[in-house]
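These notes concern the structure reproduced below.
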Amino acid sequence: MYHKIKKVAYQEAGQGECLVLLHGFCEDSTMWADYLSVLSKKYRVIAIDLSGFGRSDLLDVPSIEAMSEAVFGLLIQLHIRKFVLVGHSMGGYVGLSFARNHASMLQGLGLFHSHPFVDSAEKIKNRRKTIRFIQRHGIAPFAGQFVRNLFAPSFVKDNETFMEELIYKTSMQHVDAVIAASVAMIERQDCSTVLAQLDCPTLFIVGCQDNAIHINNSLKQLSIPPVASVHIFEDAGHMAMFEKKTESLQIIDEFIDFCVAMEQSLNAVQSENQ
Ligand code: MLT
């Protein structure tokens, strides 16, 4: 049987310790443009388009695990064996799945408005409603309300042009990718144990006005991993990478430094004990 090789698109800049950035639902790697240009002054930064989003092909079975295996395949191809992964929301679900199968490659795992738990019954109902709506009407009539709802109301009010641009970009994503990602999120596995067993540091960035991730899920995960760096923005929604850009850039930069320093000291202790 003939299997078409699937394209996994990515953007890359910089040299040094490696940072991999994964976008969330209905987004693509271009959301990280400012992160790529700032952080690439210090690190090798790779921002990946997940299955069917941006310029990547839709995977045959686009589960969260298949998405994380596509990320793995790309990184192997790029000869990257150690890196810090930061995933936004659905990108965090993919990051956790990556950690389940390839934990030894992670120097650190950042969950940017994300969490390890499965969907509630209500969330599944809403996702099914979204799927039916998009099947009938396409993405454009869904994009406006969806995008605005991701941000704190004050940010929406003060950034109308930016909102319009993001809504336009969202409406250009492929219907098949959006539906497949919704199904993948409904079917994803709980990753609490993965988080509990991580031996690299975890980063949490939480927005108290996040309408996409329930605050209970955001908070109840914080004490699960052995080593965590926690940042809570009272006045951010689900998009602190835009709503709190300067702070988020600094948080990620400091997190990478911390992960690298921790790995170096663990390696030093291990070689002393040999
Ligand atoms: C995302 O931004 O990736 C989604 O809001 C995640 C979700 O719906 O669980």
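Both counts, for ligands and for their atoms, begin at 1 and track the order of listing.
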Problem - Ring-ring centroid check His113 His238, cutoff 6.0 Å - result: yes

Handout entry: Ring centers of Tyr93, Phe25 separated by less than 6.0 Å
Key = no

Exercise for the section: If the plane angle is over 60° it's perpendicular, under 30° parallel, otherwise tilted; pick one for Phe133 and His137. Expected result: tilted

Exercise for the section: In plain terms, say whether Lys82 and Glu263 are close enough for a salt bridge, that is, a side-chain N and a carboxylate O under 4.0 Å apart. Expected result: yes

Handout entry: Carboxylate-amine/guanidinium contact Arg44 Glu17, below 4.0 Å
Key = no

Do any nitrogen or oxygen atoms of ligand 1 lie under 3.5 Å from a protein nitrogen or oxygen, and which ones?
from, atom 1, to, atom 2, distance (Å)
ligand 1, 2 (O), Ser89, OG, 3.0
ligand 1, 2 (O), His238, NE2, 2.8
ligand 1, 3 (O), Phe25, N, 2.8
ligand 1, 3 (O), Ser89, OG, 3.0
ligand 1, 3 (O), Met90, N, 2.8
ligand 1, 5 (O), His238, NE2, 3.4
ligand 1, 8 (O), Lys123, NZ, 3.4
ligand 1, 8 (O), Arg127, NH1, 2.9
ligand 1, 8 (O), Arg127, NH2, 3.4
ligand 1, 9 (O), Tyr93, OH, 2.6
ligand 1, 9 (O), Arg127, NH2, 2.8

Problem - salt bridge (Lys or Arg N to Asp or Glu O under 4.0 Å) contacts in which one or both residues fall within residues 170-192, not counting sequence neighbours - result: Asp119-Arg188

